[in-house]
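Here the structure is a predicted model, which means the values were calculated and not measured.
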Amino acid sequence: MNYKSTKIIALFVFGVCSFANAQTNDATTPLHLMQPDYPTPYVIPQKENIKAVLDRVYNFLDKNSASKIVNAATKADITDYKKNKEDVIFEPGAFRLTSYEWGVTYAGMLLASKATGEKYFADYSNKRIQLIADVAENIQEKNIKDKDMLKTLHPEALDFAGALCAAFIKAKKDGLKANIDPLVNNYIHFISKEQFRLKDGTLARNRPQDNTLWLDDMFMSVPALAQMGAYKGEIKYFDDAVKQVNQFSKRMFNEQKGIYMHGWVESMEVHPQFHWARANGWAIMTMVELLEVLPKNHPGYPQVLTQLQKHIAGLVQYQHGTGFWHQLLDKNDSYLETSATAIYTYSIARAINRGYVDKMTYGPAVLLGWNAVASKVNDKGQVEGTCVGTGMGFDPAFYYYRPINVFAAHGYGPVLLAGAEVILLLKDNQFQINDSAIQLKVEGKNNLHK
């Protein structure tokens with residue numbers, strides 16, 4: 001073998017050995033430290049980044065929701081309510097000021113103000129609640145041509161009563177000077193005396209069938225009753241709120257799955273179970289909101305707390321690897337939905353912050369949920385991926401193919417609530433990447449993988 005052949009063989013052998021040594025394998029590289037290709041950022045969110053998301057939402061909503069009333073015909077601004085004799089409407093905007101979705105938004109802005117220390121969030125809610133109170137107090141009903149304002153003066157359903165009532169009382173507690181009492185008294189009278197109920201007192205509707213329970217109605221009623229109980233110091237409102245949670249849960253909570261069905265019709269012998277995500281969001285938020293003001297010595301407090309804990313344990317089983325939850329929680333081929341994910345993120349974070357559930361167990365799921373939600377707030381501040389308003393169905397196609405839209409109002413309040421509550425979670429707790437996973441950092445402990 002000549003020198004040239006020997007050199008070629010030597011170079012080939014050297015190349016093979018070099019390639020083997022350069023390979024990423026279990027002998028050369030700690031494979032467990034390789035970076036996964038996460039579809040949602042797998043990071044510990046930073047408070048300043050969360051606030052930036054909330055600011056985008058605020059700016060979008062401030063520009064696209066009414067803040068004054070105008071002449072119904074000319075659209076000229078009206079400033080002197082007491083002397084007004086003109087027909088009025090809210091100035092044109094992309095969202096309704098008096099819907100239940102906006103009750104959630106008002107509450108979200110108030111909480112964002114507390115979490116960030118920025119007054120403009122609270123100002124958003126206070127300005128509009130003051131406007132609604134001024135219209136109700138000063139404008140003759142015959143001159144109000146805004147149908148949604150008329151519905152809040154004369155509620156036809158819980159949608160125009162409960163969430164607004166709860167938010168108005170929260171704003172009042174936080175210092176709003178508006179005369180909200182006529183409105184909240186009207187809302188509570190409707191919930192307590194006028195809304196249809198089953199024989200045992202459970203709030204119900206006669207649509208789409210007679211004697212139908214909507215899981216949504218837990219939220220459309222209970223937080224308002226709870227806030228009124230605290231505002232007026234009357235136990236009867238707490239009693240009714242606890243009764244609603246218990247009686248809805250008895251009929252609609254699946255103990256094996258740990259989640260609720262959306263609708264229950266009294267006349268059905270078999271109750272189809274469609275576990276719609278946002279309805280489960282209304283349920284979990286209801287219990288968090290109730291426990292916030294329910295006296296701990298109330299006999300129903302342990303029942304509500306236990307039910308909340310069971311629901312949270314059930315929900316986290318269905319969280320998708322992206323951090324979202326599915327439109328139908330137990331159907332992995334249904335789409336991933338933003339508003340429900342935001343509601344769960346807020347509610348579980350709130351439950352952690354109030355000590356209702358363990359932060360080591362559930363904190364990482366909350367942070368993953370927020371990272372998912374934040375990815376759906378676009379540069380304009382619009383919330384993407386939110387299911388539009390949804391009635392009740394008893395077949396899967398109804399839920400699978402509900403449209404999504406950036407003007408679905410249901411997404412905005414939950415995003416504000418979620419971001420604000422996660423900021424509060426991060427203020428009081430530290431998280432770290434431990435052995436590649438997000439973990440609660442325990443003071444005085446060092447369990448980092450070596």
Side-chain angles (χ1 to χ4, degrees), residues 52-78 87-113 118 120-135 144-153 157 159-160 163-164 167-168 171 216 220 278 281-282 337-343 346 373-391 402-420:
V53 173
L54 300 184
D55 281 339
R56 293 205 303 275
V57 173
Y58 164 82
N59 288 325
F60 173 69
L61 295 184
D62 195 46
K63 293 175 183 176
N64 288 278
S65 53
S67 61
K68 57 190 175 183
I69 58 172
V70 297
N71 181 285
T74 68
K75 306 301 185 290
D77 291 358
I78 293 172
D87 290 345
V88 305
I89 58 171
F90 292 119
E91 69 173 321
F95 302 98
R96 299 174 296 168
L97 297 187
T98 56
S99 64
Y100 67 90
E101 304 99 319
W102 237 239
V104 182
T105 302
Y106 295 141
M109 289 285 188
L110 294 172
L111 186 61
S113 188
E118 298 288 1
Y120 52 82
F121 288 110
D123 286 346
Y124 175 94
S125 294
N126 292 337
K127 183 176 184 179
R128 289 159 178 82
I129 295 171
Q130 179 75 61
L131 175 65
I132 296 167
D134 285 342
V135 170
I144 298 174
K145 302 304 177 182
D146 193 293
K147 60 182 177 60
D148 292 321
M149 183 64 193
L150 291 173
K151 286 182 181 178
T152 203
L153 295 176
D159 311 50
F160 288 91
L164 290 169
F168 287 12
D216 320 51
M220 307 296 176
R278 191 158 66 228
W282 297 136
E337 204 278 331
T338 303
S339 67
T341 300
I343 296 173
Y346 159 69
V373 168
S375 75
K376 288 296 186 178
V377 179
N378 65 29
D379 291 341
K380 296 179 182 178
Q382 297 169 324
V383 177
E384 300 173 344
T386 295
C387 175
V388 300
T390 295
R402 293 302 291 158
I404 60 173
N405 195 288
V406 293
F407 291 102
H410 313 72
Y412 291 90
V415 169
L416 290 164
L417 287 167

Which pair of heavy atoms, one from Trp102 and one from Leu61, lies closest together, and at what distance?
CH2-CD2, 3.7 Å
For Thr386 and Glu337 the tightest heavy-atom approach is CA-OE2, 3.3 Å
Is there a side-chain contact (heavy atoms from CB on, under 4.5 Å) between Thr105 and Leu416? Walk through the geometry before answering.
CA-CA 7 Å; Thr105 302; Leu416 290 164; 4.1 Å; yes
Main-chain N/O of Gly381 paired with Tyr58 side-chain donor or acceptor, under 3.5 Å
no
Just so I know, are the side chains of Thr98 and Leu164 near enough to count as touching, which here means a heavy-atom distance under 4.5 Å?
yes
Indicate whether any N or O donor in one side chain lies under 3.5 Å from an N or O acceptor in the other, for Glu384 and Thr338.
no
Nearest 0.5 Å, please: how far is CZ in Arg96 from NZ in Lys147?
6.5 Å
Non-hydrogen atoms of Tyr100 and Ala163 that approach each other most closely:
O-CB, 3.4 Å
Show your working on side chain to side chain donor-acceptor pair (under 3.5 Å) between Gln382 and Asn378 and close with a plain yes or no.
CA-CA 6 Å; Gln382 297 169 324; Asn378 65 29; 2.9 Å; yes
Could you check whether Ser65 and Tyr124, counting side-chain N and O atoms only, form a donor-acceptor pair closer than 3.5 Å?
yes
Any side-chain heavy atom of Pro414 sitting closer than 4.5 Å to one from Val104?
yes
Pick one: which of Val383, Val377, Val415 meets side chain to side chain contact (heavy atoms under 4.5 Å, CB included) with Arg56?
Val377
Hey, mind stepping through Asp146 and Val135 against side-chain contact (heavy atoms from CB on, under 4.5 Å) and telling me if it holds?
CA-CA 11 Å; Asp146 193 293; Val135 170; over 6 Å; no
Would you say the side chain of Phe160 lies within less than 4.5 Å of the side chain of Asp148, judging by non-hydrogen atoms?
yes
Distance col, row Asp379:CG vs Phe60:CZ, nearest 0.5 angstrom, shows 13.0 Å
Closest heavy-atom contact between Lys75 and Ile89?
CE-CD1, 3.9 Å
With the threshold set at 4.0 Å, does a side-chain nitrogen-carboxylate oxygen contact exist between Arg128 and Asp62?
yes
Kindly give the heavy-atom pair with the smallest separation between Arg278 and Ile343, and that separation in Å.
CG-CD1, 4.1 Å
Minimum heavy-atom distance between Leu54 and Phe121, given as atom pair plus value
O-CE2, 3.7 Å
Taking the side chain as every heavy atom from C-beta outward, state whether Ile144 and Leu153 have any atom pair closer than 4.5 Å.
yes
If I take atom OG from residue Ser99 and atom NE2 from residue His410, how far apart are they, to the nearest 0.5 angstrom?
7.5 Å
To the nearest 0.5 angstrom, please state how far the NZ atom of Lys68 sits from the CG atom of Asp134.
15.0 Å
Measure up the Tyr412 and Phe95 rings against each other and bin them: parallel (under 30°), tilted (30 to 60°), perpendicular (over 60°).
perpendicular
Distance col, row Arg402:CZ vs Thr390:OG1, nearest 0.5 angstrom, shows 4.0 Å
How long is the straight-line distance from CD of Glu101 back to CG of Asp159, given to the nearest 0.5 Å?
8.0 Å
Hey, are Tyr120 and Asp55 close enough side-chain-wise for a donor-acceptor pair under 3.5 Å?
yes
